Amino acid sequence: MQNKLFIYNSMTKKKELFIPLHAPFVGLYLCGPTAYSNAHLGHARPAVTFDLLTRYLLHLGYKVRSVRNITDVGHLEDENAGEGEDRITKKAHQEQLEPMEIVEKYMNTYHKNLEQLNTLPPSIEPRASGHIIEQQELIKEILDKGYAYIVNGSVYFDVLKYNEKYKYGKLSGRVLEDLQSNTRVLDGQEEKKNPFDFALWKKASPEHIMKWPSPWSIGFPGWHLECSTMSTKYLGDVFDIHGGGMDLMFPHHECEIAQSTAAHGKESVRYWMHNNMITINGQKMARSLGNFITLDDLFSGKNKLLTQAYSPMTIRFFILQAHYRSTVDFSNEALQAAEKGLQKLTRAIETLNRLKPSEVSTIDVPKLKEKCYAALDDDLNSPILLSHLFDAVKFINSVVDGSEKINSSSLEALKALFNTFILDILGLKNEAAGTNDEKLTGDLMKIIIQLRQDAKNNKDFPTSDKIRNELNKIGITLKDRKDGVDWEK
RNA sequence: GGUCGGUUAACCGAGUGGCUAGGUAGCGGUCUGCAAAACCGUUUACGGCGGUUCGAAUCCGCCACCGACCUCCA
């Protein structure tokens, strides 16, 4: 398998040639959501980013096993040990539901939204609550190796001890001494040897709902443990790619590294990939900041921040228009521009399928193809890929206008290229296509268009205009092209 | 305060030591009975100040502003 895919490794801060450990297999682990409220635009970013990665790897011929967790154990609201009510439990109280009902409810909408965004489902989607035993096994291993200690039924990771042999903070560029002086002092930390130590197992207070028996206490696993456990369980002690949002680098991924390294004596992840944030008014969109727009709202337009609804593919295109390591700022203007741009692209696909070949060709499809691959190989540069595709759009439209020509072999090659890059890899599907009524509508439209043509031929413009205007009223636009009349809803 | 990143035209957003990114919007034109679409042409750029260089928006330094992380977060 010849591959020139370079990906930016957050660990080394360099673009590196991607070489899987056991080609043609690729192991990919992604940090999924905590299921306690509706998915928002921010969640769409990693979903689309790593869907692009998965699709491209599949296209290159790799067999990808992707694992994305669902956090359903509930993390503490804060470190205030006494009254720690986790987010899922809190929501469960608010909505008067069982914690697992909350998880189920929001997991379902998450899945629905991601399907709308045309992302491929992960190969395995493990839940933290289903891996309590494995998490406890990992804690035991870490305890055996001497990198954790037990206090009052809770188990904490000994960061200082770990740092003696391995380096803590590698990924996020943090130095332990700085952490020592800068870690915020919180209540309920007196159990820990050091404030930067983190919990592997937490003893539950009596009112805590989500808890499990363990050798140390009735309690629940620590925040970072599930990813260490489930990634290595399904992908092996060492696996290829770990992805997630940049905001997870510290402490989540840092702690994951510490846990896995402490237990296995080596690092588990070969390539770390982090997507940047979606901002709104220049600030990160986050549940905790309350400045988020849910995906359901975006798709329906029902949100005071929105001037209109945006289709899932518009959102997908919007995300793909920026490189995944840049922040992307939300605005209605930007989304409207994305909508128009996507429309231009989809129209060109339809035009392409209608194109009549000539003897000569003024396009170099192999060269275009090469450029498209080069863009993706350069750390998944989707905006550059799109710019190349838009060059092709311009060419396609010019063929219709007669200023460019394409022969049949180039035409087939171009169709294949569009199919590969737009549908298969970028995952931009035609949202209008596919319903059963489509054909009937198409046939009816042909008749109507012919009637209008007859009127025009008779110079009966009032009638032809009437047809066009009435169609306009029900949302159908007619477009008189050189090669015939086209219409769209 | 510490660590890291950003500042590109009306908006979004790439890239780069010398070569028009792209999308959206605007303007002018072609086509059309008219319109829409399409096509062609075109207007606003690289935060500020220095330095390196034949040449810098791109490399270096300083400054300003913005953001992320340091607490759960995609």
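Computed from a predicted structure; not experimentally measured.
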- Base, sugar-phosphate, or nothing for A:Val175, non-hydrogen atoms under 4.0 angstrom? nothing
- Message: Applying a 4.0 Å non-hydrogen cut-off, can you work out what A:Glu339 is touching in the nucleic acid: base, sugar-phosphate, or nothing?
- Response: nothing
- Message: How many whole angstroms separate atom CD of A:Gln283 from atom C1' of B:C73?
- Response: 13 Å
- Message: A cation-pi test, strictly: NZ or CZ of A:Arg174 under 6.0 Å from the centre of the six-membered ring of A:Tyr168 and no more than 45 degrees from its axis. Yes or no?
- Response: no
- Message: Regarding A:His388, tell me which of base, sugar-phosphate or nothing describes its non-hydrogen contacts under 4.0 Å with the strands shown.
- Response: nothing
- Can the positive tip of A:Arg68 be found less than 6.0 Å from the middle of the six-membered ring of A:Tyr29, inside 45° of the ring normal? no
- Query: Reckon A:Ala322 touches a base, only the sugar-phosphate, or nothing at all at heavy-atom distances under 4.0 Å?
  - Reply: sugar-phosphate
- Query: What distance do A:Glu104 atom CD and A:Met100 atom CE have between them, rounded to the nearest 0.5 Å?
  - Reply: 8.5 Å
- Message: Does the plane of the ring in A:His224 sit parallel, tilted or perpendicular to the ring in A:Phe198? Use 30° and 60° as the thresholds.
- Response: perpendicular
- Which part of the nucleic acid, if any, lies within contact of A:Asp465, taking any heavy atom under 4.0 Å across all strands shown: a base, the sugar-phosphate backbone alone, or nothing? base
- Whole-Å P distance, B:U3 and B:C62: 13 Å
- Query: Which nucleotide, B:C69, B:C73, B:A21, lies nearest any side-chain atom of A:Ser387?
  - Reply: B:A21
- Item | Short side-chain N/O contact from A:Asn472 to OP1 or OP2 of B:A36, under 4.0 Å | no
- Using the C1' atoms only, state how far B:G47 lies from B:U7, rounded to an integer number of Å. 6 Å
- Message: For a quick check of understanding: with a heavy-atom distance under 4.0 Å over all strands, which category does A:Asn397 fall into, base, sugar-phosphate or nothing?
- Response: sugar-phosphate
- Sugar-phosphate, base or nothing in reach of A:Ser288, heavy atoms under 4.0 Å: base
- C1' spacing across the pair B:U24 / B:C49, given as an integer number of angstrom: 34 Å
- Message: Both distances below 3.5 Å, Watson-Crick or wobble geometry, any strand: find the nucleotide opposite B:C65.
- Response: B:G6
- Pairwise P distance for B:U8 and B:A14, with rounding to whole Å: 11 Å
- Message: Output the rounded distance in Å from CZ (A:Phe250) to C1' (B:A74).
- Response: 18 Å
- Item | Whole-angstrom distance between B:A57 and B:U30, as gauged at atom C1' | 36 Å
- Complementary nucleotide for B:U71 - Watson-Crick or wobble, under 3.5 Å: none
- Message: Classify A:Thr279 by what it touches in the nucleic acid, base, sugar-phosphate, or nothing, heavy-atom distance under 4.0 Å.
- Response: nothing
- Message: Base, sugar-phosphate or nothing for A:Ile278? Non-hydrogen atoms, less than 4.0 Å.
- Response: base
- Atom CZ of A:Phe317 and atom P of B:G13 are separated, to the nearest Å, by 13 Å
- Item | Sugar-phosphate only, base, or nothing, as touched by A:Leu478 at under 4.0 Å among non-hydrogen atoms | base
- Message: Rounded to whole Å, please give me the gap between CG in A:Asp86 and P in B:C73.
- Response: 12 Å
- Message: Here's one to test your reading of the geometry: is the NZ or CZ of A:Arg468 within 45 degrees of the ring axis of A:Phe461 and under 6.0 Å from its centre?
- Response: no
- Task: Taking only the side-chain heavy atoms of A:Pro251 (C-beta and beyond), determine which of B:C12, B:G33, B:C70 contains the nearest atom.
- Result: B:C70
- Message: Applying a 4.0 Å non-hydrogen cut-off, can you work out what A:Ser331 is touching in the nucleic acid: base, sugar-phosphate, or nothing?
- Response: nothing
- Task: Would you mind telling me which of B:A14, B:A74, B:G33 lies closest to the side-chain atoms of A:Leu248?
- Result: B:A74
- Task: Kindly say whether the aromatic ring centers of A:His242 and A:Tyr271 come within a distance under 6.0 Å.
- Result: no
- Message: Rounding to an integer number of Å, can you tell me how far A:Asn381 CG sits from B:U16 P?
- Response: 9 Å
- Query: Hey, does A:Arg174 reach any base, or is it just sugar-phosphate, or nothing, if we go heavy atoms under 4.0 Å?
  - Reply: base
- Task: Verify the contact: side-chain N or O of A:Thr327 to OP1 or OP2 of B:G5, cut-off strictly under 4.0 Å; return yes or no.
- Result: no
- Euclidean distance, atom OH of residue A:Tyr36 to atom P of B:C73 [Å, nearest integer]: 9 Å
- Item | side-chain N/O A:Arg287 vs B:C72 OP1/OP2, d < 4.0 Å | no
- Message: Would you say A:Lys459 places a side-chain N or O within less than 4.0 Å of OP1 or OP2 belonging to B:G33?
- Response: no
- How far does the C1' atom of B:C31 sit from the matching atom of B:G5, given to the nearest Å? 49 Å
- Task: Answer with base, sugar-phosphate or nothing: what part of the nucleic acid does A:Lys284 contact at a heavy-atom distance below 4.0 Å?
- Result: base
- A:Leu385 CG to B:G23 C1', in whole Å, measures 14 Å
- Task: Applying side-chain hydrogen bond (donor to acceptor under 3.5 Å, both in side chains) between A:Thr279 and each of A:Asp329, A:Asn291, A:Thr327, report the one that passes.
- Result: A:Asp329
- Message: When the P atoms of B:U58 and B:G51 are compared, how many Å lie between them, rounded to an integer?
- Response: 14 Å
- Task: Indicate, yes or no, whether a donor-acceptor pair under 3.5 Å links the base of B:A68 to the side chain of A:Asn276.
- Result: no
- Message: Suppose you measure atom P in B:C60 against the same atom in B:C65; what distance do you get, rounded to whole Å?
- Response: 22 Å
- Assign A:Arg347 to base, sugar-phosphate, or nothing according to its heavy-atom contacts below 4.0 angstrom with the strands shown. sugar-phosphate
- OP1, OP2 of B:C40 versus side-chain N and O of A:Lys394: anything below 4.0 Å? yes
- Query: Taking the six-membered ring for Trp, are the ring centroids of A:Tyr234 and A:His131 within less than 6.0 Å of each other?
  - Reply: yes
- Polar pair under 3.5 Å, donor/acceptor by atom type, side chain A:Arg87, base B:C72: yes
